Participant: 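This is the structure I want to talk about, given as structure tokens.
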Protein chains: 2
Amino acid sequence: MTGTPSIVNAEEVHESPTLALRTFDSIKSDIINGELAQGSKIVESDLALKYGISRGPLREAIHRLERIKLIVRIPHAGSRVITLDTRMMEDIYNARESLEGMAARLAARLMSDAEIESLSALLDQHAAAISETDGKAYFQREGDIDFHYRVAVASQNQWILEKLNGELYQLIRMCRHQSGQFPSRAQTALEQHRQIAAAIARRDEELAELLMRRHISGAWEIVKTILEDQND
Amino acid sequence: MTGTPSIVNAEEVHESPTLALRTFDSIKSDIINGELAQGSKIVESDLALKYGISRGPLREAIHRLERIKLIVRIPHAGSRVITLDTRMMEDIYNARESLEGMAARLAARLMSDAEIESLSALLDQHAAAISETDGKAYFQREGDIDFHYRVAVASQNQWILEKLNGELYQLIRMCRHQSGQFPSRAQTALEQHRQIAAAIARRDEELAELLMRRHISGAWEIVKTILEDQND
DNA sequence: CAGTCATAAATTGTCAACAATTTAAGCGTT
DNA sequence: AACGCTTAAATTGTTGACAATTTATGACTG
């Protein structure tokens, strides 16, 4: 029951049973990877043609993307791919800080011993990967998210899990991709992950929350300077 | 710029420009008021007929309700009105605690002096209303939400504001409605609101967050016992 | 009589045409 | 040349019909 096996966390294997959902996934990737440029206008007929479906399910896909905040939409005026700015990312990181802080607290309360064991193993795995590849970007990025995802799951709070995994992480992925590779920080992050895991293992709710919040607000400070440097 | 005049917080005046949105509002009210019973199955054709529109926009309305978590939906299997249980409400209140705690912190940092003044005035208004009507239920409920809404706005965090006002408060309203009138607690709540407002006025971020979280977790303790008594 | 398979009904998913609205272009006026 | 109005094009919103899928029904078999 504990073994989410690998790096990738939640993408389903068997493809979605409906056109709208499959198209939603496609467009989502295209936006995160930057193939659909930020701020570009979405024209329903064009996209429907491009993805080979009719406007009905495409519309549903767009609405789902709006829900995830990858697309912004104005009645009768159409929709555009979102444009990330510092202001918005600050909102995201602040929300994430409070939500993941709570998740860590709940995880410290509720995580099973087996899960804790498995979490620790995950971090060993990360440590190995770091010393091997020494800064291999992609792996670490997803590894980082993997850790946070586990904590969110362990919180057993469906609402929080859904918001983190469904919305916030997507936007952060997109931001990372758009900002190119930024400094590795892998070693520091791993160290902090270890401390958080230790606090959880000790069932110290207060400390787990505190450390998680520090970890995230620290990450924000770095991302912030990068974003600001970029736009000046 | 400060004067949101009255109790009701954000319902737009001029009705929505699209059928789907208007129907969304209608169904939302019907669910919150219990006219559409919890757990009842939603059949698209039936509802479309009932609201006098075609299935297209109705479908969009349903998707929006799913986004708000008032409806749960399974591909090919249809959708049902959500059924509130203690488990889910606990998730909601925990999420709310962390998010509103952060909102209070940000409010203490960012709220303008005029807004603070206005917030204080709102509380005076509430105090007057309480001593007048001494436990007039509806007013106090909305008054309570009004206070929390103001703090969320003052946080200037769009993501948090949207989640609180768009999702969490709706579910709490629904829960309150379904649970009938529960004990007033108006005096206690007002007192706590005052302390929170004072902390914000003092620009004490730490304390504002702490008090807000206590306030909400306290409210949850009460709601929890009510819910448990009901189902046993 | 329980269980299972095939069939029929009900319901959701998808499509293409039509209506309403917004955006752009063209024309005339000042 | 700039502004506003009228008209045309483009785009979104809405509709009803059709296809695919699930759920219910009932006959058949062990």
Side-chain angles (χ1 to χ4, degrees), chain A residues 12-31 35-83 166, chain B residues 12-31 35-83 166:
Chain A
E12 271 300 333
V13 184
H14 67 88
E15 61 182 10
S16 308
T18 174
L19 258 186
L21 283 173
R22 285 199 292 277
T23 309
F24 165 71
D25 287 335
S26 300
I27 303 181
K28 184 168 72 175
S29 310
D30 289 352
I31 291 180
E35 299 183 32
L36 265 64
Q38 293 191 38
S40 59
K41 180 136 203 290
I42 299 289
V43 179
E44 294 180 0
S45 355
D46 296 0
L47 270 202
L49 196 71
K50 174 173 174 184
Y51 290 93
I53 63 178
S54 96
R55 272 183 57 215
L58 179 84
R59 225 145 187 288
E60 184 184 326
I62 290 182
H63 283 123
R64 285 184 186 274
L65 289 163
E66 185 194 17
R67 177 195 313 196
I68 307 300
K69 264 176 211 17
L70 255 37
I71 278 185
V72 55
R73 184 179 170 67
I74 303 171
H76 286 125
S79 29
R80 316 188 81 92
V81 177
I82 202 178
T83 66
Chain B
E12 271 300 333
V13 184
H14 67 89
E15 62 182 9
S16 308
T18 174
L19 259 187
L21 284 173
R22 285 198 292 277
T23 309
F24 165 71
D25 287 335
S26 301
I27 303 181
K28 183 168 71 174
S29 310
D30 289 352
I31 291 180
E35 299 183 32
L36 265 63
Q38 292 192 36
S40 59
K41 179 131 201 289
I42 299 288
V43 179
E44 294 180 0
S45 356
D46 295 0
L47 270 202
L49 195 71
K50 175 174 175 183
Y51 291 94
I53 63 178
S54 94
R55 272 183 55 215
L58 178 84
R59 226 145 186 287
E60 184 184 328
I62 290 181
H63 283 122
R64 285 184 187 275
L65 290 163
E66 185 194 18
R67 177 195 311 197
I68 308 299
K69 270 181 203 16
L70 255 37
I71 278 185
V72 56
R73 183 177 172 69
I74 303 171
H76 289 288
S79 29
R80 317 188 80 90
V81 177
I82 202 178
T83 67

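Here the structure is a predicted model, which is why all the values come from computation and not from measurement. Here is the naming used below: chain letters follow the sequence lines, and residue numbers restart at 1 for every chain.
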Participant: What is the distance from NE2 of His76(A) to P of dA9(D), rounded to the nearest Å?
Facilitator: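 Taking NE2 of His76(A) and P of dA9(D), I get 21 Å after rounding.
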
Participant: Going by heavy atoms in the side chains, are Glu66(B) and Arg64(A) under 4.5 Å from each other?
Facilitator: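 Contact flag for Glu66(B)/Arg64(A) side chains = yes.
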
Participant: Check the distance between dA9(D)'s P and Asp46(A)'s CG and give it to me in whole angstrom.
Facilitator: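 So the two atoms are 18 Å apart, to the nearest Å.
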
Participant: Does some side-chain heavy atom of Lys28(A) sit less than 4.5 Å from a side-chain heavy atom of Asp25(A)?
Facilitator: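 Side-chain contact under 4.5 Å: yes.
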
Participant: Is there a side-chain contact between Ile31(A) and Ile82(A) (heavy atoms, below 4.5 Å)?
Facilitator: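 They are not in contact (no side-chain heavy atoms under 4.5 Å apart), so the answer is no.
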
Participant: Could you check how far CD1 of Ile74(B) sits from P of dT22(D), rounded to whole Å?
Facilitator: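 One finds 12 Å between P of dT22(D) and CD1 of Ile74(B), rounded.
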
Participant: Rounded to whole angstrom units, what separation is found between the CG atom of Leu49(A) and the C1' atom of dA16(C)?
Facilitator: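 Checked: the CG to C1' distance equals 14 Å.
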
Participant: Students often get this wrong, so: under 4.0 angstrom with heavy atoms, is Ile62(B) touching a base, only sugar-phosphate, or nothing?
Facilitator: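 Counting heavy atoms under 4.0 Å across all strands, no contact is made by Ile62(B).
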
Participant: Given atom CZ of Arg80(A) and atom P of dT11(D), what is their separation to the nearest angstrom?
Facilitator: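 So the two atoms are 12 Å apart, to the nearest Å.
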
Participant: Out of Leu65(A), Ile42(A), Ile62(A), which one pairs with Arg73(A) under the side chain to side chain contact (heavy atoms under 4.5 Å, CB included) rule?
Facilitator: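 For Arg73(A), the side chain to side chain contact (heavy atoms under 4.5 Å, CB included) check succeeds only for Ile62(A).
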
Participant: Which whole-number value in Å describes the distance from Ile42(A) CD1 to dT11(D) P?
Facilitator: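 Taking atom P of dT11(D) as the reference, CD1 of Ile42(A) is at 13 Å.
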
Participant: The side chain of Val43(A) lies closest to which of these nucleotides: dT11(C), dT21(D), dT11(D)?
Facilitator: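 For Val43(A), the side-chain atoms sit closest to dT11(D).
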
Participant: Please list, chain by chain and in numerical order, all residues satisfying salt bridge (charged side-chain N to carboxylate O under 4.0 Å, His left out) with Arg80(A), sequence neighbours excluded.
Facilitator: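 None.
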
Participant: What's touching nucleotides 14-16 of chain D from the protein side, N or O pairs under 3.5 Å?
Facilitator:
from    : atom 1 : to       : atom 2 : distance (Å)
dT14(D) : OP1    : Thr18(B) : OG1    : 3.3
dT14(D) : OP1    : Leu19(B) : N      : 2.5
dT14(D) : OP2    : Thr18(B) : OG1    : 3.0
dT15(D) : OP2    : Ser54(B) : N      : 3.0
dT15(D) : OP2    : Ser54(B) : OG     : 3.2

Participant: Can you check the Glu44(B) CD to dT22(D) P distance for me, whole Å?
Facilitator: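 The distance from CD of Glu44(B) to P of dT22(D) comes to 15 Å, rounded to the nearest Å.
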
Participant: Between atom CD1 of Ile53(B) and atom CG of Leu58(B), what is the distance when rounded to the nearest 0.5 Å?
Facilitator: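 Ile53(B) atom CD1 to Leu58(B) atom CG measures 5.0 Å (nearest 0.5 Å).
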
